[in-house]
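A, B, ... follow the sequence lines: proteins, then strands. Residue 1 opens every chain.
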There are 2 protein chains.
Amino acid sequence: MPTSRSAKASRADVAQQILEQATRLFAAHGFSGVSLADIAKSVGIRKPSLLYHFQSKDTLRRSVLEEILAHWNETLPQLLMAASTGSEQFDTVLSTTVRFFADDPDRARLILRELLDRPEEMQPLIEAHVRPWVGIVADYIRRGQEAGRVRAEVDPRAYVGHMTVLVLGSMATYEAVGSLGPELEVQESSAQLLERQTAELLRIAKVSLFRPRPVADSTTHSQRNQDFGPERPESDD
Amino acid sequence: MPTSRSAKASRADVAQQILEQATRLFAAHGFSGVSLADIAKSVGIRKPSLLYHFQSKDTLRRSVLEEILAHWNETLPQLLMAASTGSEQFDTVLSTTVRFFADDPDRARLILRELLDRPEEMQPLIEAHVRPWVGIVADYIRRGQEAGRVRAEVDPRAYVGHMTVLVLGSMATYEAVGSLGPELEVQESSAQLLERQTAELLRIAKVSLFRPRPVADSTTHSQRNQDFGPERPESDD
DNA sequence: AGAGGTGCCTACCACTCGGTAGAAAGTCTT
DNA sequence: AAGACTTTCTACCGAGTGGTAGGCACCTCT
């Protein structure tokens with residue numbers, strides 16, 4: 001076993017570079033649209049060197065996917081522990097999910113591609129990595145429905161499914177979709193575009209979940225949020 | 001030029017079969033995940049015969065895409081003419097879009113893949129085929145905002161973009177996403193699953209657009225739609 | 001110094017890819 | 001029946017694919 005990692009490009013370092021480039025290229029062109037030589041070239045090595053670190057192309061694909069899911073499993077539970085109330089937990093899951101994919105849209109592209117290419121293989125991964133917090137959100141929604149805060153017609157699990165797809169799809173295609181966006185003449189930066197998309201996703205997710213607050217009358221066209229529910233833990237009936 | 005089409009498998013017939021199988025296979029495995037031999041085999045011919053009908057693999061890809069867009073351009077304007085009021089037009093565009101992809105989820109998969117694989121190439125196609133009715137919807141939303149019917153914070157074009165992605169993504173991955181759905185023990189048929197998805201998409205699209213109707217108080221948990229706006233053409237302020 | 005391991009390389013393999021050449025088979029017109 | 005045209009076929013091509021064999025430089029430990 002190696003004892004010191006002083007010299008340049010230790011093993012883990014190269015493997016990490018390969019993973020990064022593979023993620024980028026698979027996300028952009030799909031698994032079968034990228035050759036091992038392409039990936040090796042973008043790392044600056046030859047194909048057999050790549051196969052020294054990952055036994056096969058399929059191993060590399062699985063590693064890329066696992067890295068994303070591992071990162072996900074590191075991120076969410078940690079933030080979730082800080083949230084005590086159900087309302088905070090819901091907010092955490094929602095905004096963390098959106099930001100996780102906004103931080104690196106390649107993640108969304110890659111998972112979306114896997115969902116399209118290998119739905120049967122993704123099914124158990126969804127079970128393992130998504131179910132737990134689907135449970136948290138679903139429970140919160142159910143309690144919200146009992147309290148009258150959440151729209152009765154919402155099916156908790158179906159809601160989570162649709163929001164997941166909305167986030168994945170929006171982030172995966174944010175350039176093409178964003179170009180439909182507001183009629184700005186000025187060019188928006190990618191960061192700005194992503195920020196706007198993120199805010200809008202959160203809005204849609206909340207508004208399609210929570211019942212509107214009962215407001216006496218709405219004669220003014222004020223921009224006040226009428227049904228952003230989770231900031232108000234106690235329902236009023 | 002051919003004068004009679006009596007015999008079996010006229011030219012157009014074979015070309016149509018090729019298009020259908022190519023659509024199916026490209027949707028399932030992606031453009032680079034399918035070989036011309038695969039497509040030819042599923043039609044029951046050899047590869048050179050396929051290349052007799054379509055000069056190259058890329059020609060075939062473009063033809064598949066064009067066929068879908070052509071079908072789309074046949075469907076929508078026709079239904080749109082029947083709709084007189086802005087509210088009806090909005091409803092038509094929304095439900096037609098959802099049903100167009102629910103009718104054949106392969107359409108959604110294929111377009112989503114193109115969006116991922118070739119965003120630059122898709123941009124002008126989006127311009128040409130999506131802009132017109134984005135305009136209709138955006139105008140309707142803007143008028144709705146002036147009348148106070150539509151949430152002021154909605155950006156019309158961004159809204160259309162997100163709804164498009166939501167529909168595409170939901171239909172493209174409806175099996176995987178639907179499996180997260182309600183906790184039914186009974187197996188749901190694909191048709192039922194798609195029907196449920198369709199209804200939920202329409203719900204989300206409307207609820208995230210229209211302002212809730214002012215209701216005096218909501219002490220009962222009635223399932224009455226509180227903010228399905230478009231059935232009520234005149235606003236009340 | 002030298003043994004052993006690590007990481008990368010060149011060279012090569014069998015196979016598949018999209019695409020072409022050109023002959024054979026069918027079909028229609030006269 | 002004969003010619004002309006359309007459609008399909010077999011055979012083949014060069015390029016590129018994932019993957020292997022084996023050597024070579026380098027580092028570390030004894």
For B:Arg24, what residues pass the salt bridge (Lys or Arg N to Asp or Glu O under 4.0 Å) criterion, not counting sequence neighbours? none
Whole-Å distance separating the [atom1] atom of [X] from the [atom2] atom of [N]:
X: B:Arg46; N: D:dT10; atom1: CZ; atom2: P; result: 6 Å
X: B:Phe54; N: D:dT7; atom1: CZ; atom2: P; result: 13 Å
X: B:Asp13; N: D:dT8; atom1: CG; atom2: P; result: 10 Å
X: A:Leu50; N: C:dC9; atom1: CG; atom2: P; result: 10 Å
X: B:Gln17; N: D:dT7; atom1: CD; atom2: P; result: 14 Å

If a pair satisfies ring-ring contact (aromatic ring centres under 6.0 Å, His included) and one of its residues is in residues 35-58 of chain B, list it, with sequence neighbours excluded. none
Which pairs count as ring-ring contact (aromatic ring centres under 6.0 Å, His included) when at least one residue sits in residues 55-77 of chain B, sequence neighbours excluded? B:His71-B:Phe100, B:Trp72-B:Phe100, B:Trp72-B:Trp133
Report the residues that fulfil side chain to side chain donor-acceptor pair (under 3.5 Å) with A:Glu114, sequence neighbours left out, ordered by chain and then residue number. A:Arg61, A:Arg118
For B:Tyr52 and D:dT8, is the shortest distance between a side-chain N/O and OP1 or OP2 below 4.0 Å? no
Residue-phosphate contact under 4.0 Å: B:His53 side-chain N/O, D:dT8 OP1/OP2: yes
Find every protein N or O atom lying less than 3.5 Å from an N or O atom of nucleotides 17-20 of chain D, and list the pairs.
unit_1 : atom_1 : unit_2  : atom_2 : d
D:dT17 : OP1    : A:Ser35 : OG     : 3.4
D:dG18 : OP1    : A:Lys57 : NZ     : 2.9
D:dG18 : OP2    : A:Leu36 : N      : 3.0
D:dG18 : N7     : A:Lys47 : NZ     : 2.8
D:dG19 : OP2    : A:Lys57 : N      : 2.7
D:dG19 : N7     : A:Lys47 : NZ     : 3.4
D:dG19 : O6     : A:Lys47 : NZ     : 3.1

Checking side chain to side chain contact (heavy atoms under 4.5 Å, CB included) between B:Met171 and each of B:Leu112, B:Asp104, B:Val98, B:Leu166, which is the one that passes? B:Val98
Using distance only, find each side-chain donor-acceptor pair of residues 27-40 of chain A under 3.5 Å and give its atom names and separation, not counting sequence neighbours.
unit_1  : atom_1 : unit_2  : atom_2 : d
A:Ser35 : OG     : A:Ala37 : N      : 3.4
A:Ser35 : OG     : A:Asp38 : N      : 3.1
A:Ser35 : OG     : A:Asp38 : OD1    : 3.4
A:Ser35 : OG     : A:Asp38 : OD2    : 3.2
A:Asp38 : OD2    : A:Ser35 : N      : 3.1

